[in-house]
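Below: one structure, written as structure tokens.
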Amino acid sequence: MEVPQRLLMGPGPSNAHPRILAAQSLPLLGHMHPPFLKIMDEISDGLRYLFQTDSKYTLMVSGTGHAGMEAAIANLLEPGEKIIVGVNGIWGERVADLSERYQGQVITMNAQPGKTFSSAELKAAVAQHKPAILFLVQGESSTGTHQALGDGLGEACKAAGTLLVVDTVASLGGVPLFADKWGIDCIYSGSQKCLSGPPGAAPFFMSDRAMDKLRSRKTKPATYNLDMNLIGDYWGWFGSRSYHHTGPVSTFYAMREALQIVADEGLDKMWARHLAAHQQLWEGLHSLGLQRYVENDADRLITVNTIKVPEGVDWAKVVKNAMDKYNLEIAGGLGPSAGKVWRIGLMGYNATPTNVALVIEAFRDGLKQQGKL
């Protein structure tokens with residue numbers, strides 16, 4: 001099997017850390033063997049640090065971020081219940097679609113691509129509709145926006161009997177997140193971005209309030225594969241261990257190592273490293289005359305950067321040149337930003353000065369070839 005070596009600086013996956021790749025080569029264990037269950041417990045502990053929570057309800061869903069997304073909706077939304085979905089990119093659109101499939105009453109809040117929602121309008125919507133769930137995307141990778149989650153939003157949700165559910169696939173580990181302090185009730189993420197792991201595991205968190213909702217449902221979750229009553233028992237949430245599915249053993253090794261790497265660096269330093277990479281990138285891009293797609297500094301995501309395609313530039317040629325000449329992946333837009341932007345991921349193991357410098361050089365070369373420098 002031949003696999004080319006490429007630097008993945010798009011919106012994900014990112015390159016895996018060598019320690020994580022090495023962990024995947026360790027001998028297989030049975031998915032119910034005590035040494036493997038110990039690794040699962042260590043993953044749960046590492047996730048508590050990553051999510052900044054004391055909740056016992058943390059685990060890795062066996063699947064990509066979409067599995068985490070579906071697990072959140074399938075377990076916490078019952079048929080006929082209201083869910084407010086913040087839509088400012090493709091991921092809100094998908095959760096709205098998913099919630100309809102689970103027979104929820106979907107109320108969409110829409111923001112223009114490149115914009116986010118104010119705390120005031122979110123609180124007002126929750127107070128008006130009193131939904132079962134308010135869903136937001138912290139890092140909208142299709143448009144490059146960063147949704148603020150503090151400022152009493154969690155308290156407002158609690159007062160209305162609403163669960164706050166957050167997508168952090170493109171942001172977890174790259175920007176600050178405080179599950180308990182901000183009053184978030186459910187979070188899902190992905191393994192292949194800021195955590196520098198392979199795709200196939202979805203970090204997942206539930207608060208006590210979310211667990212109370214799950215345990216008091218009037219109907220069973222309309223999924224067996226993602227039923228957190230069953231998966232949680234496999235992970236030891238309820239004081240026992242029962243077989244639900246065969247956990248992806250090697251992937252869980254990888255994520256155990258990924259979480260150790262997070263702990264070794266420390267979240268404050270990890271967040272600072274991602275910010276420094278973002279600042280370096282934009283210093284270089286501005287020198288080339290390139291502009292940000294997200295205009296407001298507070299709305300801008302630092303882990304997936306969206307860059308306006310200048311008039312008269314063939315964005316796809318720049319992407320192709322970067323791959324052909326530098327073995328470097330950069331990406332075009334997605335959903336509402338398709339054809340309008342390039343997207344640069346600065347995530348995990350890839351968020352280094354050397355890698356950022358190569359991205360800037362690839363843009364310089366690509367623009368020069370089109371007579372724009």
Side-chain angles (χ1 to χ4, degrees), residues 8 10-14 16 43 47 50-51 58-77 83 85-104 106 108 133 135-143 145 147 163 165-174 177 184-206 210 214 221-228 230-232 234-235 244-248 251-252 254-255 258 301 303-304 331 333-338 343 345 347-348:
L8 306 177
S14 299
I43 288 172
L47 287 173
L50 182 61
F51 286 127
T58 59
L59 54 72
M60 289 281 184
V61 177
S62 300
T64 63
H66 276 85
M69 175 193 294
E70 186 150 354
I73 299 304
N75 284 275
L76 298 178
L77 184 68
I83 177 171
V85 179
V87 178
N88 60 344
I90 192 174
W91 303 115
E93 292 174 357
R94 292 199 177 183
V95 167
D97 183 343
L98 182 64
S99 299
E100 288 180 351
R101 293 168 188 257
Y102 280 94
Q103 301 178 54
V106 179
T108 58
I133 294 172
F135 172 85
L136 296 169
V137 181
Q138 185 185 34
E140 175 52 79
S141 62
S142 68
T143 57
T145 55
Q147 176 63 51
L163 298 177
V165 177
V166 179
D167 175 316
T168 66
V169 172
S171 58
L172 184 65
L177 177 76
I184 303 173
D185 294 295
C186 183
I187 302 170
Y188 65 85
S189 191
S191 53
Q192 75 278 16
K193 302 203 178 192
C194 297
L195 301 184
S196 305
F204 194 85
F205 149 82
M206 294 174 68
L214 172 61
T223 171
Y224 186 90
N225 190 44
L226 296 172
D227 186 339
M228 282 296 152
L230 306 176
I231 298 176
Y234 176 36
W235 281 80
H244 173 258
H245 68 286
T246 302
T251 301
F252 284 176
M255 298 321 298
L301 183 62
T303 53
V304 180
L334 177 68
S337 68
R343 293 183 297 156
M347 296 184 283

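Side-chain atoms are counted along with the backbone in the values below, which use heavy atoms only and exclude waters and symmetry mates.
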Work out which heavy atom in [X] is nearest to a heavy atom in [Y]; give both atom names and the distance.
X      : Y      : answer
Ala202 : Thr64  : CB-O, 3.5 Å
Ser62  : Pro248 : OG-CD, 3.1 Å
Pro221 : Asn75  : CG-OD1, 3.8 Å
Gln147 : Val137 : CB-O, 3.2 Å
Phe204 : Ala72  : CE1-N, 3.8 Å
Leu77  : Gly104 : CD2-CA, 3.8 Å

Got a second to check how far [X]'s [atom1] is from [Y]'s [atom2], nearest 0.5 Å?
X      : Y      : atom1 : atom2 : value
Leu301 : Ser141 : CG    : OG    : 8.0 Å
Arg94  : Ser99  : CZ    : OG    : 14.0 Å
Leu8   : Gln192 : CG    : CD    : 11.0 Å
Leu163 : Met206 : CG    : CE    : 8.0 Å
Asp97  : Ile90  : CG    : CD1   : 10.5 Å
Leu50  : Ile43  : CG    : CD1   : 12.0 Å

| said: Checking Gln138 against Ser171: is there a side-chain donor and acceptor pair closer than 3.5 Å? | reply: yes
Quiz item: What's the verdict on side-chain contact (heavy atoms from CB on, under 4.5 Å) for Leu47 and Met255, showing C-alpha distance, side-chain angles and the deciding distance?
Solution: CA-CA 10 Å; Leu47 287 173; Met255 298 321 298; over 6 Å; no
Are side-chain heavy atoms of [X] and [Y] found at a separation under 4.5 Å?
X      : Y      : answer
Leu136 : Val165 : no
Trp91  : His66  : yes
Pro336 : Thr143 : yes
Val169 : Met69  : no

Review point. What do the steps show when you test Leu172 against Cys194 for side-chain contact (heavy atoms from CB on, under 4.5 Å), and what is the final call?
Key: CA-CA 6 Å; Leu172 184 65; Cys194 297; 5.9 Å; no
Only one of Asp185, Leu76, Val85, Val95 passes side-chain contact (heavy atoms from CB on, under 4.5 Å) with Ile133, and that residue is Leu76
Exercise. Describe, in one word, how the ring planes of Phe51 and Phe205 are oriented to each other, choosing from parallel (under 30°), tilted (30 to 60°) and perpendicular (over 60°).
Key: tilted
Legend entry - Aromatic plane relationship, Tyr234 with His245 - under 30° parallel, 30 to 60° tilted, over 60° perpendicular: perpendicular
Review point. Would Leu177 and Ile184 satisfy side-chain contact (heavy atoms from CB on, under 4.5 Å), going step by step from the backbone distance to the final call?
Key: CA-CA 10 Å; Leu177 177 76; Ile184 303 173; 3.9 Å; yes
Applying side chain to side chain donor-acceptor pair (under 3.5 Å) to Ser142 and not counting sequence neighbours gives Glu140
Centre-to-centre under 6.0 Å for Phe252 and Trp235, is that the case here? yes
Does the [X] side chain pair with the main chain of [Y], one donor and one acceptor, at a distance under 3.5 Å?
X      : Y      : result
Thr168 : Tyr188 : yes
His244 : Tyr224 : yes
Lys193 : Ser14  : no

Evaluation steps, side-chain contact (heavy atoms from CB on, under 4.5 Å), between Leu59 and Ile231 = CA-CA 9 Å; Leu59 54 72; Ile231 298 176; 3.7 Å; yes
